[in-house]
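Every chain is numbered from 1 and lettered A, B, ... according to where its sequence line falls, protein lines coming before strand lines.
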Amino acid sequence: MATLPIEAVLPALKETLGTTENAVLVAAPGAGKTTRVPLALFEEPWLCGKKIVMLEPRRLAARAAAAFMARQLGESVGETVGYRVRMDTRVGPKTRIEVITEGVLTRMLQNDPALEEVGLVIFDEFHERNLHGDLGLALCLQSQALLREELRILVMSATLEAETVAELLGDAPVLSSAGRAFPVQTRFLESRAEGRIEPIVVQTIKQALAEESGDLLVFLPGTREIRRVESQLQAQGVGGQVKIVPLHGALSREAQDAAIAPSTPEVRKVVLATSIAETSLTVEGVRVVIDSGLMRVPRFSPRTGMSRLETVTVSRPSAEQRRGRAGRVAPGVCYRLWTEHEDKRLPMRSTPEILEADLAPLALELAVWGVHDPTELAWLDAPPAAAFAQARELLCQLGALTEDGTLTAHGKRMAEFGLHPRLAHLVLQAVPLQLGSLACELAAVLNERDFLPGQDADLRLRVEALRAGQADRGMIAEANRWKRALGVEAEEKGDLDYCGLLLAFAHPDRIAQRRGNGRFLLRNGRGAMFLDAQPLSFVPYLVAAELDDQGTESRIFLAAHVEESQLREHFQGQIETERIIEWDGGAKAVRARRRERLGSLLLKETTLQDPDADEVLGALLRGIAVEGLDLLPWTKAAKQLQERLTFMHQHDLSWPDVTRTALTDTLAEWLAPHLYGLKNREDLQRLQLVGILESMLSYAQRRELDECAPTHLTVPSGSRIPIDYSDLDAPVLAVRLQEMFGLQETPRIAHGRVPLTLHLLSPAQRPVQVTRDLASFWQNAYFEVKKDLKGRYPKHHWPDDPNLATPTHRAKPRGS
DNA sequence: CTCTCCCT
């Protein structure tokens with residue numbers, strides 16, 4: 001066996017762990033640390049015969065590492081070296097090295113916080129900073145501090161974030177080892193790429209095929225871009241010369257295996273991959289990497305409880321990892337589709353999962369561990385407070401925690417399931433309903449990537465396919481394992497009509513009601529919809545399992561029908577009944593209704609038979625305030641009375657203020673007493689506003705009103721002419737000039753304080769003159785006016801001395 | 001017009 005670069009640091013590593021508990025080992029990919037380190041250490045005396053457990057981020061990697069090490073010892077897996085991953089365990093009584101996946105460590109710690117049988121925990125590929133890795137390290141560190149001070153912890157990482165890890169491990173020594181990869185030449189863009197990435201990718205692929213030999217690995221953010229690049233390459237005839245192979249997580253295992261297998265020497269291969277090829281899968285025979293510099297990441301929103309996919313710039317470590325994929329078999333080339341200037345500004349690290357993930361599973365693990373406040377543990381990055389609080393709230397809703405945050409028996413059982421708390425709750429709720437078997441099938445379907453993507457969103461199709469053996473074998477095995485754990489294997493297959501109800505246990509916030517047109521309203525108030533019409537578009541209620549959380553209306557990818565009667569039976573305690581008595585602006589009436597709500601969903605609305613009179617009155621008053629005073633019957637008389645009172649108020653503030661503003665502000669005082677039993681505009685139209693306004697006055701004020709602000713004035717002709725109070729500062733008397741003959745002075749009101757403004761009119765009621773000084777008019781302007789009137793109304797009498805003339809109210813001259 | 005892993 002060739003000497004690996006890692007061999008150089010092994011003696012120092014043995015010595016370090018012989019004297020101190022914690023250490024950090026930095027080694028580039030390909031240095032051989034994953035297989036060499038456990039084999040070098042498992043017989044060290046400081047282990048005292050205890051085991052080494054090593055964490056891998058992926059099941060595949062864990063099994064592969066165990067198999068490789070077993071071969072090195074000339075044994076098979078399960079002897080000295082074993083592995084323990086989800087759904088698959090191979091360890092025996094002799095096993096000294098257990099390669100496990102990150103989540104398994106959490107379960108081991110929860111069962112045995114002191115890890116009595118373990119002498120050393122190795123965190124491999126720790127730079128990936130997965131949620132379970134971070135949690136496992138935090139728990140291990142506390143176990144070491146409180147229960148097992150001689151427990152060794154070794155963190156292995158490919159990047160220089162080692163220093164911060166070393167600090168977290170109590171200033172642990174850092175050892176490093178060089179990598180073994182071949183050199184890779186990096187080529188940047190000359191100028192910044194604008195617009196879509198696909199044309200530049202296509203152009204670079206063609207350039208690399210011409211300039212370089214060997215297979216190409218192209219990193220794209222997602223399947224959409226992969227499809228576009230593929231079709232553009234085909235359109236440009238590239239597909240004829242080379243084999244174009246997509247590679248992403250939604251592909252079947254066979255398609256993935258075909259994509260990563262080495263190509264035959266005569267056919268060149270262009271692999272179009274997502275970040276799956278960055279760490280999880282190794283594509284054989286690659287000499288050229290083309291990196292779009294983009295990746296899609298899920299971002300969880302504590303506000304909506306959903307994840308959304310975002311396209312982001314890759315971090316520097318990611319870009320380095322991608323570049324390294326070109327140097328595994330020979331010196332290689334990496335085309336980076338950004339400029340050298342932009343390269344300097346790449347983020348120094350990817351965002352650790354704990355900062356952006358759904359923290360409900362973590363919060364449940366911490367509750368089982370006995371930690372209320374995550375700051376009691378040591379973290380590289382503590383769980384963000386908002387997301388953690390949201391997670392605790394969800395756990396309360398699911399009954400895993402009590403109000404004060406203590407773990408319930410139900411919560412403890414949920415944690416033991418190794419399922420997301422929502423799904424564990426679904427399964428546990430189903431058992432007493434004799435739906436345990438269906439629940440296990442549903443949980444298996446929901447726990448994995450959708451195997452019928454793009455098809456009809458109905459979950460029942462997936463469960464049917466699973467029952468027919470058309471799902472992934474692992475998924476079927478998963479369902480069966482839970483059935484055994486619950487003792488429900490023998491249970492009759494639950495009716496598929498219960499899928500929606502069970503899903504509602506997991507996602508009570510995603511119960512949705514039809515709004516029409518394939519659009520739905522979620523219980524949490526958000527909108528959701530199907531892109532194309534399908535049977536589920538027309539059901540009154542459904543529960544959404546998967547949504548995209550983009551924009552104002554989320555797209556529904558996966559859902560199940562639920563009956564209103566099922567919701568009523570199982571969510572009775574969450575249905576709120578409210579009595580609503582409110583003004584209906586459309587009908588212009590008070591509506592009294594009884595509503596049953598499930599969150600934002602209105603399940604039922606009925607008319608309330610005997611609404612409380614005071615509440616009706618309140619709603620009517622609010623209606624009038626909103627609609628305005630025009631809702632009331634303002635007759636001419638009422639309007640004039642309001643103007644007269646306003647006139648009085650202006651001169652004496654002891655009078656009520658009845659301006660529109662004041663009346664609107666004081667509806668409850670002046671109007672409310674007259675509204676009992678009224679409920680709509682028609683009722684209001686029958687009100688007697690004159691009487692209502694008058695009732696605001698004292699007896700003395702009523703008498704004074706007629707004196708000071710009379711409705712009419714009797715002019716010399718004997719006519720009673722109405723006074724117009726609409727201009728508060730200058731009440732107007734509009735009267736034919738002829739009726740005023742003989743009156744010398746301007747008539748006054750308000751105890752003589754306010755002269756009326758006279759609008760003097762022609763016999764045909766046309767305005768002739770406006771004056772507040774009648775005496776002056778007679779003496780001056782009258783003579784000019786007279787000439788004009790004589791011309792136009794020659795048959796009328798236009799005297800030279802108006803003071804001596806007889807006033808007349810007749811429009812036609814006498815005797816005509 | 002959907003990233004990717006993982007849980008006795």
(message) Please report the distance, rounded to the nearest Å, between CE in M87(A) and P in dC6(B).
(response) 13 Å
(message) When you measure from the side-chain N and O atoms of R58(A) to the phosphate of dC6(B), is any distance below 4.0 Å, counting only OP1 and OP2?
(response) no
(request) Return the value, rounded to whole Å, for the distance between atom CG of L131(A) and atom P of dC7(B). (result) 13 Å
(request) For R59(A), answer base if it contacts any base atom (sugar-phosphate contacts may also be present), sugar-phosphate if it contacts only those atoms, and nothing otherwise; contact means non-hydrogen atoms under 4.0 Å. (result) sugar-phosphate
(message) Looking only at the side chain of T101(A) (C-beta and beyond, no hydrogens), which of the listed nucleotides dC5(B), dC6(B), dC1(B) gets closest?
(response) dC6(B)
(message) Just the rounded figure in Å: distance from P of dT2(B) to CG of L220(A).
(response) 16 Å
(message) Ignoring hydrogens, what is the shortest heavy-atom contact between V543(A) and H507(A)? Give both atom names and the distance.
(response) CG1-O, 4.0 Å
(message) Let's see if you get this right: which residues in residues 103-128 of chain A place a heavy atom under 4.0 Å from DNA chain B?
(response) G103(A), V104(A), R107(A), N111(A)
(request) Could you list the residues that satisfy side chain to side chain contact (heavy atoms under 4.5 Å, CB included) with A465(A), not counting sequence neighbours? (result) F451(A), Q470(A)
(request) Nearest whole angstrom, please: distance from the P of dC5(B) to the CD of Q256(A). (result) 7 Å
(message) Please report the distance, rounded to the nearest Å, between CG in L135(A) and C1' in dC7(B).
(response) 11 Å
(message) Is a donor from one side chain sitting under 3.5 angstrom from an acceptor on the other, for T279(A) and Q321(A)?
(response) no
(message) Any base atoms under 4.0 Å from E353(A), or only sugar-phosphate, or nothing? Heavy atoms, all strands.
(response) nothing
(request) Could you pull out the closest heavy-atom pair between M87(A) and A477(A), with the gap in Å? (result) CE-C, 3.6 Å
(request) Check every strand shown and say whether S275(A) touches a base, only sugar-phosphate, or nothing at a heavy-atom separation below 4.0 Å. (result) nothing
(request) Would you please name every residue forming a salt bridge (Lys or Arg N to Asp or Glu O under 4.0 Å) with R148(A), sequence neighbours left out? (result) E150(A)
(request) With heavy atoms under 4.0 Å as the rule, sort L309(A) into base, sugar-phosphate or nothing. (result) base
(request) Taking all heavy atoms of T89(A) and all of V85(A), pick out the closest pair and write down the distance. (result) OG1-O, 4.1 Å
(request) For DNA chain B, determine which residues of residues 292-300 of chain A have any heavy atom closer than 4.0 angstrom to one of its atoms, and list them numerically. (result) R296(A), P298(A)
(request) May I have the distance from I556(A) (atom CD1) to dC1(B) (atom C1'), rounded to whole angstrom? (result) 15 Å
(message) Counting only side-chain nitrogens and oxygens, does T279(A) get under 4.0 Å of the OP1 or OP2 atom of dC5(B)?
(response) no
(request) For F417(A) and for D548(A), find the nucleotide of DNA chain B with the closest heavy atom, then tell me which residue's nucleotide is more 5'. (result) D548(A)
(request) Taking only Lys NZ, Arg NE, NH1 and NH2, and the carboxylate oxygens of Asp or Glu, determine whether D291(A) and R323(A) approach each other closer than 4.0 Å. (result) no
(request) Tell me which of L531(A) and L419(A) sits closer to the 5' end of DNA chain B, going by the nucleotide each one is nearest to. (result) L531(A)
(message) What is the distance, to the nearest angstrom, from the CG atom on L362(A) to the P atom on dC6(B)?
(response) 18 Å
(message) Rounded to whole Å, please give me the gap between CG in L247(A) and P in dT4(B).
(response) 9 Å
(message) Taking salt bridge (Lys or Arg N to Asp or Glu O under 4.0 Å) as the definition, give me every residue that meets it alongside R303(A), ordered by chain and number, with sequence neighbours left out.
(response) none
(message) Using the side-chain heavy atoms of N447(A), tell me which of these nucleotides is nearest: dC7(B), dT4(B), dT8(B).
(response) dC7(B)
(message) If you compare all heavy atoms of Q390(A) against all heavy atoms of F300(A), which two are closest, and at what distance to 0.1 Å?
(response) OE1-CE2, 3.7 Å
(message) Using OP1 and OP2 only, check whether a side-chain N or O of R224(A) sits under 4.0 Å from dT2(B).
(response) yes
If you look only at distance, which donor and acceptor atoms sit under 3.5 Å apart when one is on a side chain in residues 51-62 of chain A and the other is two or more places apart or in another chain?
{"residue": "K51(A)", "atom": "NZ", "partner": "E98(A)", "partner atom": "OE2", "Å": "2.7"}
{"residue": "R58(A)", "atom": "NH1", "partner": "E128(A)", "partner atom": "OE1", "Å": "3.3"}
{"residue": "R58(A)", "atom": "NH2", "partner": "E128(A)", "partner atom": "OE1", "Å": "3.4"}
{"residue": "R58(A)", "atom": "NH2", "partner": "E128(A)", "partner atom": "OE2", "Å": "2.6"}

